[in-house]
Amino acid sequence: MRSALLALVLSLCSLPAAAQPEVFFGPNREAPNLKEEDFDRRFLRSGFYQALSRGTNDANCARLLGGMLTLLGETAPLLHKRDENFYLDPLLAQALNTQLSTPRFQANAYLVAMVRRVLIDRKLPESWFQTASTLGPLVLTIDVGKLRFLAEGLQPIDSFFLTLPALRERYDIEVRRATATAARSAEKMFRENYLDRQVAFGDLKLVDVAVEQPKKPKKRKGQPEEEAPPPTAVARLVWYPPDPNAGKIDPFSKYKPLEVRITARLAAQQYLDLSRIPKGTRLMVRGRFWSFAKGVDELELRDALIFQDRDWSQGNTLVDPASVAQCPVAINDLMGAAPTQAGAFGQPRR
């Protein structure tokens, strides 16, 4: 397994001030073309893969599969073109290591193998989606909508490094703090570098969803009048930057919470029933970064998709480690070694 696969969890914090657009996006706009390696072929022969593909009647294995499919679903909206690395919420990474891993089952290696399989096949295997759909009512942490999105074909964003805080930081550095010699072209360059990118922004609050009629194009002299575009569903969302005075008691503070308003013109097909989502729900939006105004205090995305963005800090339990220990397929047949597994390399049989 190549060293790049060890970069399982990558922070979504802003990049250093010296970062340039190519650091966010890589050398080109094409997704990496992964080729099947020996690691991937071993995964296809593992008992865990067979359980993913065929399902299981074992209750303990069902919990294990549910936990792993939960993690795969949470990575789905943030798979990107920059490289083969992927993002997993740090709290979920902790659950991966403490709840899903045992001395004889390296869950992190199996999750890497699952993501690689999706990247190689360019979509989630249909058999995995069927397993997830079956387990969904039993394992409530599985986001079946995110997995359905992945099953219909890989649609990577440009880079999961380009978060909303990182974008606003880049505007401050590249435009507001540009020197006099660069100030005239700074905003133009910023637009060329960052607009028309496929992005995903999380930790947003839903303000409202409505069907709106787009503005009719202005008629040009000598040109036939264009038809008005069809009505479009639009989601209004807001993001609140962290309060720098949080946890402090200062009766004289004049800090006013800043709102970053996002207009998301929605794609026709969604993977979340927005009619059932109440205002104030925490969501993630991904789509084409179309425009911005007021120093990135207002943004518009086109062809946008809305997903749940769960707050895992509430201490959700994915699976009881005892269930993993009792699952027959939770063995290290992928890596070829299990230190405490009877009969493994270097271990005597009993």
Q. Are F24 and F161 an aromatic pair by the rule of ring centers under 6.0 Å?
A. no
Q: For this output row, return yes or no: ring centroids of Y171 and Y194 closer than 6.0 angstrom.
A: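 No, ring centres 6.0 Å or more apart.
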Quick check against the 3.5 Å criterion: does [X] have a side-chain atom that pairs as donor or acceptor with the backbone of [Y]?
{"X": "S53", "Y": "Q50", "value": "no"}
{"X": "D309", "Y": "D203", "value": "yes"}
{"X": "D303", "Y": "A267", "value": "no"}

Q) Should the pair R191-E187 be classified as a salt bridge under the 4.0 Å nitrogen-to-oxygen rule? A) yes
Q.
Regarding D38 and R42, does a basic nitrogen lie under 4.0 Å from an acidic carboxylate oxygen?
A.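 Between R42 and D38 there is a salt bridge, with a charged N closer than 4.0 Å to a carboxylate O.
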Q: State plainly whether one hydrophobic cluster holds both V234 and L204, where clusters connect Ile, Leu, Val, Met, Phe, Trp and Tyr through side-chain heavy atoms under 4.5 angstrom apart.
A: no
**Q.** V296-W290 co-clustered via ILVMFWY side chain contacts under 4.5 Å
**A.**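 Different hydrophobic clusters.
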Spatial distance of atom [atom1] ([X]) from atom [atom2] ([Y]) [nearest 0.5 Å]:
{"X": "K294", "Y": "L299", "atom1": "NZ", "atom2": "CG", "value": "12.5 Å"}
{"X": "L91", "Y": "L96", "atom1": "CG", "atom2": "CG", "value": "12.5 Å"}
{"X": "F149", "Y": "D143", "atom1": "CZ", "atom2": "CG", "value": "11.5 Å"}
{"X": "L64", "Y": "D320", "atom1": "CG", "atom2": "CG", "value": "12.0 Å"}
{"X": "L283", "Y": "L272", "atom1": "CG", "atom2": "CG", "value": "6.5 Å"}
{"X": "Q99", "Y": "T317", "atom1": "CD", "atom2": "OG1", "value": "5.0 Å"}

Q: Give the other cluster members for V207, using side-chain heavy-atom distances under 4.5 Å between Ile, Leu, Val, Met, Phe, Trp and Tyr residues; answer none if it is isolated.
A: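 V238, Y240, which link up through side-chain heavy atoms under 4.5 Å apart, make up the rest of the cluster.
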Q. Quick one: is the NZ or CZ of R116 closer than 6.0 Å to the six-membered ring centre of F39, and within 45° of its axis?
A.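 Judged by the rule (NZ or CZ under 6.0 Å from the ring centre, within 45° of its axis), R116 is not positioned above F39.
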If you look at every heavy atom in [X] and [Y], which pair is closest and at what distance?
{"X": "P241", "Y": "W239", "result": "CG-CZ3, 3.4 Å"}
{"X": "I262", "Y": "L164", "result": "CD1-CD2, 3.9 Å"}
{"X": "Q106", "Y": "S101", "result": "C-OG, 4.5 Å"}
{"X": "L124", "Y": "F129", "result": "CD2-CB, 3.9 Å"}

Side-chain contact test, heavy atoms from C-beta onward, threshold under 4.5 Å: evaluate it for [X] versus [Y] and give yes or no.
{"X": "M114", "Y": "L52", "value": "yes"}
{"X": "L274", "Y": "L266", "value": "yes"}
{"X": "E259", "Y": "D297", "value": "no"}
{"X": "L154", "Y": "K123", "value": "no"}
{"X": "K205", "Y": "L237", "value": "no"}
{"X": "R170", "Y": "N193", "value": "no"}
{"X": "F289", "Y": "L167", "value": "yes"}

Q.
Against Y271, only a single residue in E152, K146, Q308 fulfils side chain to side chain donor-acceptor pair (under 3.5 Å); can you say which?
A.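 Per the side chain to side chain donor-acceptor pair (under 3.5 Å) rule, the option paired with Y271 is E152, out of E152, K146, Q308.
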Q: Start with the C-alpha distance between K35 and E37, add both sets of side-chain angles, then the distance that settles salt bridge (charged side-chain N to carboxylate O under 4.0 Å, His left out), and finish with yes or no.
A: CA-CA 6 Å; K35 295 183 179 180; E37 300 179 357; over 6 Å; no
Q.
Over 60° means perpendicular and under 30° means parallel, so tell me whether F105 and F48 are parallel, tilted or perpendicular.
A. tilted
Q: Would you please classify the geometry between the F160 ring and the H80 ring as parallel, tilted or perpendicular, with 30° and 60° separating the classes?
A: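 If you compare the ring of H80 with that of F160, the planes turn out parallel.
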Q.
Walk me through whether W312 and L318 qualify under side chain to side chain contact (heavy atoms under 4.5 Å, CB included).
A. CA-CA 11 Å; W312 296 100; L318 297 182; 4.2 Å; yes
(Q) If we count only N and O atoms by modelled type, under 3.5 Å, do the side chains of D58 and T56 hold a donor and an acceptor together? (A)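 No.
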Q | Over 12 non-hydrogen atoms of neighbours within 6.0 angstrom of CD in E298 | A |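 Yes, enclosed.
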Q. CZ of R41: more than 12 outside heavy atoms within 6.0 angstrom?
A. yes
